[in-house]
Structures are given as structure tokens and as C-alpha cells.
Amino acid sequence: MNFGLSKKLQSLPPYLFLEIDKAKRKARAQGRDIIDLGIGDPDQPTPKHIIDILYKASLDPVNHRYALDQGMPVLRRSISHWYNKIFNVSLNPEREILPLIGSKEGIAHFPLAFLNQGDYSLVPDPCYPPYKGGTILAGGKVHLMPLLSSNEFLPDFKKIPKGILRKAKIMFLNYPNNPTGATAGKDFFRDAINFARRHKIIIVSDLAYSQMSYDGYRPPSMLELKGARDTVIEFHSLSKTYNMTGWRVGWACGNENLVSALAKVKSNVDSGIFSAIQLAAVAALEGGFGHMQDMCSLYQERRDLLFKGLNSLGWQANNPKATFYVWIKVPGKYDSIKFAGLILDKADIVVTPGVGFGKYGEGYIRMALTVSKERIKEAVVRLRGLSP
Ligand SMILES: *Cc1c(COP(=O)(O)O)cnc(C)c1O
């Protein structure tokens, strides 16, 4: 029987990453020694003190029952402390913080709270896919804001047509940025907040990479800026910061009306985060900064090695101040899918074609710093043998 997929589901952009995963598994099944620079998933384990708390908490039957929808008070307080220590921003744990089953879930559900049929989201392109997916599943429309190297991968608000602005309710921003590795300064954030207030647009700030930065650079939170609390909801995650991608825990914070609207959507679709994971998240957030420093120096060494290697090949790449992504201009006249295919076939290396993040990602590939230095060295040796 053919039940006919919903129009919304049919209008989602194709999900390229499944195809890449298939090609990768096929290559591995053939016994090839694949270096995977494709996925943004930390290769290091979750710190042990966090796992210990999960284990202990999971033995307590109290934690086996439904959790509180809005997260445990102790977790909301830890998030508040953490924000205060890192960004010097104070958040009310009851009203301005909402724990999430990973930030992707919250980001994808958020448009359901505010978009009506035909309303627009302003979405950077290339971007993390749920900004588009969440908008479309909520019945909204996507207006792309191109992220171009000529503008340091920042959107140009002046280019958004007036007719779109009238129907725009949400703008997604993500700095430090996946996939380009770009960062944004406070001046840009200030402009964005003024622009959003003037046009009555909600800013969704995705700050998943705030703790992954190099050379002494410290990414700011938008909530540090004046007026942000009128219009900003910020999304955070333990995934990258604490090597906890599989655990599924993050949070939203900021403007209390935005936070409570998201809570209302979620109360209809899920029943909270496993309590033992919430307690482990508390252990992570209160566990000090030693782990983060080690993590950043590890990625920084890998970044330096890969950047130097790519330079020696004559490839044009950014040297990211934050995130674990290197965004590389495709050399020669290949498109990004062809070039990624060539790298897999000829060098046994998985990279992500830029077009997988949107049409303005065409002409680029993304490499993730999620393999050891030895493997990065090996990857550069193999790429040297490629002559595009
Ligand atoms: C990895 C990532 C996240 C984190 O998602 P979780 O659902 O919390 O694992 C959020 N935003 C971006 C841009 C990311 O790359």
C-alpha cells in the first residue's frame, strides 16, 4: 500500500549524510582502511567521573520513573551556575532555563511554538540541517541567508527582502559555526539583536561550540549583550563540550516567554530526560574546567597539523579559532559531491561535501578533527597522492 508521505515530509531537503554513511560502510566492508573525517562526533570518551555518576544514579529506583518534564531543579541550577561562570550571565533557573534531550530536539521543535502557515525562518546557508527541517515540519518557509567567505561567513541582513522580513518570525544564528568554523564578534551580535528587535524577530542562537576554541579565543554568548533578553533563545549542549553526543542532553535558555513556549511544545511530545542522565549532566557541569582545557589542546594540535598539511598541498582552508571543523575550498573544478567521492575512492578518506549543508556550501568540503594526529598525518600523505 502506498500511504503517501505528507507534503511537509516530502518538501524536506535530501539528507545527504545517510548516503555518505552508506558509501563509508561499503568501503569498510571491502576491507579498506578508511580515515573518517566526515562526522562531527568526538572520538574521545566521556570523562569517567560523569560515567560514575550515571552508574550510581541508575541503581536508584527513584530515577527509574518518569522525570519532571521541565528538568530537575538541581540540573537547572547547575546550568545557571555554569552560565554565570563562563559568560557572566545570570539566568533564573525556574523560568529562563529548559533542559533538552539534546539540543537538536529543542532546535527542531522550537519553530512549532511560533510559526504559522507561511511564516518565514531566516536560515543561514550552509547550516546545521535541523534549522531547515524544523521550520518545514512546522509548516513554515525557509529564507536562506548565504554565508559567504567574502563576508567572513556572516549573514548580511541588508540583503533580506522587505516582503520576507514582514513574514519572518525566527532567525537562526550559529557561532562558532558548523560547518564553516567561522566565529562572530560582539559587534555582529549587537547588530543582529538590534535588527531582530526592530523587525520583531526571534533569534535562535545555537552555541553548541562555545567551549571548543583555540589560541586563547573565547566565544561569547549572545545573552551577554544588552537587549538580548528581549529576543534571544540560546541552545547549548553537553555533546561536544563533554564528549557526550550519545547521551542526549542539552538545554535552551534566555527569554522566558520563548523558553516557556518551547516547554509547552515539548510537554506534548516527550516526557523529559532520564533522571540518571540529568544527574550525570550536573556532575559534568560542576566538574571544573580541566577536561575542557585538555580537550581544546588536543583539538588545537590536530587543527595545526591538518591546516599545515593542507597548506603544503596548496589547498585553501580556514584555520578555525573554534569548533572542530576545517572548511576547505574544493581545488580544481570539481563539485563538492564529486570531490568527496574522489577522495573516498582514491584516498580512502571520508569528508563531507559542503553542499550537504545547503547550496551555498557548494565548492567546499568539511573535515572534522575527530581522529588522532597519526591518522591526520596519514590523511595528508594520502591526499598528496591525489592530483585533482
Ligand atoms: C553538534 C551540534 C549540536 C548539538 O546537538 P545535540 O543534539 O545537543 O547533540 C547543535 N548544533 C550544532 C550546530 C551542532 O553541530
Side-chain angles (χ1 to χ4, degrees), residues 13 15-17 20 37-44 46 50 71 75 79 82 97-111 121 123-135 145 147 153-155 170-184 203-213 219 221-222 232-254 262 266 269-270 272-274 277-278 280-281 284-285 292 295 299 320 322-327 352 354 356-358 360-361 366-370:
Y15 200 63
L16 192 66
F17 302 104
I20 297 168
L37 305 176
I39 38 170
D41 196 342
D43 57 314
Q44 299 295 304
T46 305
I50 302 172
L75 174 57
I79 292 168
W82 191 89
I97 292 172
L98 178 69
L100 300 169
I101 310 169
S103 61
K104 180 180 188 179
E105 170 265 299
I107 289 167
H109 282 134
F110 184 75
S121 288
V123 178
D125 186 291
C127 74
Y128 182 55
Y131 310 152
K132 291 174 186 166
T135 296
M145 302 187 291
L147 304 186
F153 300 107
L154 299 169
I170 298 174
M171 172 161 67
F172 291 90
L173 293 175
N174 166 220
Y175 294 99
N177 183 261
N178 174 11
T180 67
T183 55
I203 296 180
V204 169
S205 164
D206 181 352
L207 196 49
Y209 294 96
S210 70
Q211 302 318 111
M212 195 184 276
S213 66
S221 154
M222 283 192 87
V232 173
I233 182 166
E234 199 151 73
F235 287 81
H236 246 286
S237 171
L238 279 78
S239 288
K240 314 292 163 45
T241 305
Y242 298 100
N243 303 330
M244 290 173 72
T245 46
W247 295 56
R248 313 313 303 135
V249 56
W251 69 86
C253 61
L262 178 57
K266 278 172 55 61
V269 294
D270 69 61
I273 310 161
F274 180 29
I277 289 183
Q278 297 195 49
L285 295 168
M292 283 185 229
M295 170 186 77
Y299 290 130
T323 76
F324 52 14
Y325 301 117
V326 179
W327 189 238
T352 312
F357 303 97
Y360 293 96
R366 190 193 76 177
M367 291 185 185
L369 302 167
T370 46

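First listed ligand is number 1; within each ligand, the first listed atom is number 1.
Closest of all the heavy-atom pairs between Thr352 and Gly38 is OG1-O, 2.8 Å. Across all their heavy atoms, Thr370 and Phe324 have their closest contact at CG2-CE2, 3.6 Å. Among all heavy-atom pairs drawn from Tyr325 and Gly40, the shortest one is OH-CA, 3.4 Å. The two atoms that bring Trp327 and Pro126 nearest to each other are CZ2-CG, 3.9 Å, heavy atoms only.
Under 4.0 Å is where a charged nitrogen must lie from a carboxylate oxygen, and between Arg248 and Glu105 no such pair does.
Comparing heavy-atom distances from atom 13 (C) of ligand 1 across Asp206, Ile39, Asn177 singles out Asp206 as nearest. Remark: among candidates Glu105, Lys240, Met244, His236, the nearest residue to atom 1 (C) of ligand 1 is Lys240, based on non-hydrogen atoms. The closest non-hydrogen atom to atom 9 (O) of ligand 1, taken over Ser239, Ala208, Ser103, Pro179, comes from Ser239.
Of the possible polar contacts, one joining the Asn174 side chain to the Pro176 backbone as a donor-acceptor pair under 3.5 Å is found.
Under 4.0 Å from ligand 1, not a single heavy atom of Val249 appears.
Residue-to-ligand polar distances place Lys104 within reach of ligand 1: an N/O pair is separated by less than 3.5 Å. Ligand 1 has no N or O atom lying under 3.5 Å from any N or O atom of Tyr325, backbone or side chain.
At least one heavy atom of Tyr209 sits less than 4.0 Å from an atom of ligand 1. Proximity of Gly250 to ligand 1 is not established, as no heavy-atom distance is less than 4.0 Å.
Contact annotation: the side chain of Asn177 never approaches that of Tyr209 to less than 4.5 Å [non-hydrogen atoms, C-beta and beyond].
Considering only non-hydrogen protein atoms, atom 7 (O) of ligand 1 sits nearest to Arg248 NH2, 2.5 Å.
The distance from ligand 1 to the heavy atoms of Asn174 drops below 4.0 Å at these ligand atoms: 13 (C). Here is the list of ligand 1 atoms found below 4.0 Å of a heavy atom in Gly102: 7 (O), 8 (O).
The line from OG1 of Thr323 to NZ of Lys240 is 9.5 Å long, rounded to the nearest 0.5 Å.
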